[in-house]
Amino acid sequence: AAWALGWTFARRFAVPIAVATTAIIVALATPIPAEAWAHLWPQPVFVKPVWDLLPALGLAIPLFIVTMASQNVPGLAVLRSNGYDIAVRPVFVATGVASWAVALFGGHGLNLSAITAALCAGPEAGQDPARRYIASVTTGIVYIPLGLGVGFAAAFIAASPPLLIQAVAGLALLTSLAAALASALSREAVRLSALVTFVTTASGISIFGVGAAFWGLVAGGLMLMLERRQQHTA
């Protein structure tokens, strides 16, 4: 209801209104654990990096594959569906070098972040595509206090009803989803392939630890190949 009213009377602020309403509901209806307040301010702890082949093979490589499949590839698709024809090589080189640097501080796998890309590259971020970078800059600035308060934020979200968090996240992506579906289904020649991609991704299937976003692209790509093969045969 808060999102719908915001969309009607203050469209640009519909999602923030929904987020604020959710935070108020959670704060009033859900007791926040006492330990959450103890971790309100982060306390950096130095951990010396140690090279170990087993974690590299069993953790780092699978995380890299999952990051590429569920974040980078869908992130590129989101950007291109919004009209941003970016060069792939410079992006992956930049994120790879940055990932190497932040790994020394405990970070892993800087990537295009499909959901953030959908929010910052879509029409909700501004009518002028050339000025939507402001949304990305603003997001980066907001991430700083969120990162400093991540202990409290994690405890706050963990204490919240999961359905409520999923609902507000879904509302934030509704406009991007509508725009993506309109673009994907506009061409009859690839409409079925787009639908196969969407329903496979929405199914939440996970194979070999790789998420549905990757398998949706695989299913859609195979369907597209079959359709084109059929057209050539006909």
Side-chain angles (χ1 to χ4, degrees), residues 1-45 63 66-67 70-71 74-75 78 82 102 105-127 131-181 198-199 201-206 211-213:
W3 177 85
L5 290 173
W7 182 258
T8 304
F9 299 105
R11 181 166 298 188
R12 184 65 59 85
F13 300 97
V15 173
I17 290 172
V19 172
T21 304
T22 301
I24 292 172
I25 292 173
V26 172
L28 293 177
T30 306
I32 307 300
E35 57 268 20
W37 301 101
H39 299 287
L40 187 60
W41 189 256
Q43 298 179 354
V45 176
L63 278 175
V66 170
T67 300
S70 63
Q71 296 295 333
V78 166
N82 283 284
V102 300
F105 300 92
H108 175 80
L110 267 70
N111 56 76
L112 296 181
S113 186
I115 294 179
T116 306
L119 292 173
C120 294
E124 280 190 344
Q127 296 302 318
R131 291 181 55 80
R132 290 177 188 169
Y133 71 90
I134 297 174
S136 298
V137 174
T138 305
T139 300
I141 294 172
V142 173
Y143 275 172
I144 295 174
L146 285 179
L148 293 174
V150 68
F152 177 80
F156 185 81
I157 293 174
S160 307
L163 186 60
L164 194 61
I165 300 301
Q166 294 168 9
V168 74
L171 288 174
L173 293 170
L174 271 183
T175 305
S176 298
L177 175 62
L181 286 176
F198 175 74
V199 297
T201 303
S203 70
I205 188 174
S206 177

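Sequence positions, counted from 1, serve as the residue numbers for this chain.
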Checklist line | Of all pairs that satisfy ring pair (Phe, Tyr, Trp, His ring centres under 6.0 Å), the ones with a partner from residues 4-25, not counting sequence neighbours | finding: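 Residue pairs with at least one partner in residues 4-25: Trp3-Trp7.
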
Name the atoms and distances for all side-chain donor-acceptor pairs under 3.5 Å in residues 109-123, with sequence neighbours left out.
{"from": "Asn111", "atom 1": "OD1", "to": "Ser113", "atom 2": "N", "distance (Å)": "2.8"}
{"from": "Asn111", "atom 1": "ND2", "to": "Gly109", "atom 2": "O", "distance (Å)": "2.8"}
{"from": "Ser113", "atom 1": "OG", "to": "Thr116", "atom 2": "OG1", "distance (Å)": "3.0"}
{"from": "Thr116", "atom 1": "OG1", "to": "Tyr143", "atom 2": "OH", "distance (Å)": "3.4"}

Next item on the list: Among Thr22, Val15, Ile17, Thr21, find the one that has a side chain to side chain contact (heavy atoms under 4.5 Å, CB included) with Val19.
Entry: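 Single side chain to side chain contact (heavy atoms under 4.5 Å, CB included) partner of Val19 among Thr22, Val15, Ile17, Thr21: Val15.
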
Next item on the list: Sequence neighbours left out, what passes side-chain contact (heavy atoms from CB on, under 4.5 Å) with Gln127? Give chain and number order.
Entry: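 Gln127 satisfies side-chain contact (heavy atoms from CB on, under 4.5 Å) with no residue once adjacent residues are dropped.
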
